[in-house]
Structure formats: C-alpha cells, structure tokens
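Just so you know, residue 1 is the first one in the sequence shown, and it goes up from there.
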Amino acid sequence: LAPDIACGSPPTGPANRPALSRLGKIYADRELFSRATPVWERIARIQPGVSTGYLEAATILWDYFRYTDALRLLADGRKKLGDPEAARGYHRKVLQLAPEDRDAETHLEDLATQVADGTELLASFRRRAQREPDGPKRAGLLIEAALIQAQKLVDLEGAAATSQEGPRA
C-alpha cells in the first residue's frame with residue numbers, strides 16, 4: 001500500500017527525484033530490492049546527459065549495500081556520458097565511501113590508463129603494493145610502478161630535448 005500511495009500522490013512524477021528516492025526506500029525497507037533498484041535507476045534517467053543523477057542513484061544503492069548495482073550504474077553512466085573524467089569522479093567517490101572496494105580501484109586504474117594519468121596510476125599501484133601480503137604479487141605491482149616512473153622519465157627527457165632544440169622553421 002505504501003508504494004501505491006507514494007506513486008499516486010500528486011508530487012510523484014517520473015522526474016521527481018525525492019519521490020523516486022522515497023519510493024525506492026519504501027521497497028528497500030521491506031527487503032524488496034528487485035523493485036527498489038529499478039526505481040532508483042530511474043533517477044539517473046531523469047537527465048540522461050548529466051552525471052548527478054547517476055551519482056545520486058549510485059549513492060542510494062551504496063547506502064543499501066547494493067555495491068554491485070551501484071558500480072554497474074556508475075559504469076553505465078560512464079559509457080552513456082562518454083566522459084572518463086566524470087567516471088573517475090564516480091569511482092573516487094566510491095573509494096571515499098568504501099576504501100576496500102577493489103572493483104572501484106580497478107575501474108579507476110583503467111580510467112587512469114585511458115586518460116594517460118600516470119601519476120594516479122602510479123599512486124594506485126603503490127597503495128596496492130603496500131596492502132599486498134603475497135610477495136610475488138607485491139613485486140609485480142612494484143615493477144608496474146617502476147615502469148610507469150621510467151616512462152615518465154623518458155617523457156621528461158624527450159620534452160627537455162625538444163625544448164633545447166628550439167623552434168623549427
């Protein structure tokens with residue numbers, strides 16, 4: 001009855017974020033996640049070209065421990081928005097909320113690779129190496145970090161050589 005009341009009241013429309021959030025919570029409080037999740041996902045579709053709806057819906061899902069659904073929604077947003085920087089923002093937010101989330105960390109590393117952000121990738125590999133109890137895996141992460149650092153040095157050397165040559169006519 002409560003979902004029907006929430007849906008039927010005049011302020012509840014297909015573009016009413018607070019009402020959709022409340023309706024999803026009504027279902028979730030009754031452990032009806034199969035009904036709550038699609039309602040929350042509608043929040044992201046209110047303004048499909050804007051990232052805030054995806055972030056809001058994913059945050060609600062996260063609050064209800066629906067981590068897989070939240071990450072899936074963020075990935076959908078990343079694809080639909082075609083904005084790796086926005087996607088990086090999503091995954092950073094996920095890591096702020098749950099630093100132990102390895103899926104978000106992996107997605108952030110993939111995006112750092114995509115946008116050629118060696119600094120973030122290097123920091124991530126170092127953090128993972130510090131946590132890794134397995135010696136060979138830790139060594140592999142440290143080697144990856146060293147390769148990134150070596151590439152940064154090569155890039156710096158190339159930039160220095162180019163600037164010393166001066167402008168070409």
Any carboxylate oxygen within less than 4.0 angstrom of a Lys/Arg side-chain nitrogen, looking at Arg72 and Glu41?
yes
Closest non-hydrogen atom pair between Ala129 and Leu142, with its separation
CB-CD2, 3.7 Å
What pair of heavy atoms forms the shortest contact from Ala57 to Ala44, and how long is it?
CB-N, 4.4 Å
Between Arg35 and Arg30, is any pair of side-chain heavy atoms under 4.5 Å apart?
no
With clusters defined by side-chain heavy atoms of hydrophobic residues (ILVMFWY) lying less than 4.5 Å apart, directly or transitively, does Leu122 cluster with Val115?
no
If I take atom OG1 from residue Thr119 and atom CD from residue Gln149, how far apart are they, to the nearest 0.5 angstrom?
10.0 Å
Please evaluate residues Glu120 and Arg92 with respect to the criterion salt bridge (Lys or Arg N to Asp or Glu O under 4.0 Å), reporting the C-alpha separation (whole Å), side-chain torsions for both, the decisive distance (0.1 Å), and the verdict.
CA-CA 11 Å; Glu120 184 162 344; Arg92 285 185 188 117; 2.6 Å; yes
Can you name the ring-ring contact (aromatic ring centres under 6.0 Å, His included) partners of Phe33, sequence neighbours left out?
none
Spacing of Arg126 atom CZ and Leu141 atom CG [to the nearest 0.5 Å]
12.5 Å
With sequence neighbours excluded, tell me which residues meet ring-ring contact (aromatic ring centres under 6.0 Å, His included) with Phe125.
none
Among residues at least two apart in sequence or on other chains, which ones pass salt bridge (charged side-chain N to carboxylate O under 4.0 Å, His left out) with Glu105?
Arg102, Arg131
At what distance, to the nearest 0.5 angstrom, does CG of Leu20 lie from NZ of Lys25?
11.5 Å
Test Val39 against Ile26 for side chain to side chain contact (heavy atoms under 4.5 Å, CB included), laying out the working first.
CA-CA 11 Å; Val39 170; Ile26 290 169; over 6 Å; no
How many angstroms lie between CG in Leu121 and CD in Gln114, if you round to the nearest 0.5 Å?
12.5 Å
Could you pull out the closest heavy-atom pair between Leu71 and Ala104, with the gap in Å?
CD2-CB, 4.2 Å
What one should report as the nearest heavy-atom pair of Gly24 and Ala36 is O-CB, 3.3 Å
Are side-chain heavy atoms of Asp69 and Tyr64 found at a separation under 4.5 Å?
no
Which heavy atom of Leu95 sits nearest a heavy atom of Leu108, and at what distance?
CD1-CD2, 3.7 Å
Arg17 versus Thr52: any side-chain heavy-atom pair under 4.5 Å?
yes
Nearest 0.5 Å, what's the OG1-CZ distance between Thr106 and Arg128?
6.0 Å
Least distance between heavy atoms, Trp40 atom then Ser21 atom
NE1-O, 3.3 Å
If you round to the nearest 0.5 Å, how far is CD of Gln130 from CZ of Arg138?
10.5 Å
State, yes or no, whether a side-chain contact exists between Trp62 and Leu74 at a heavy-atom distance under 4.5 Å.
no
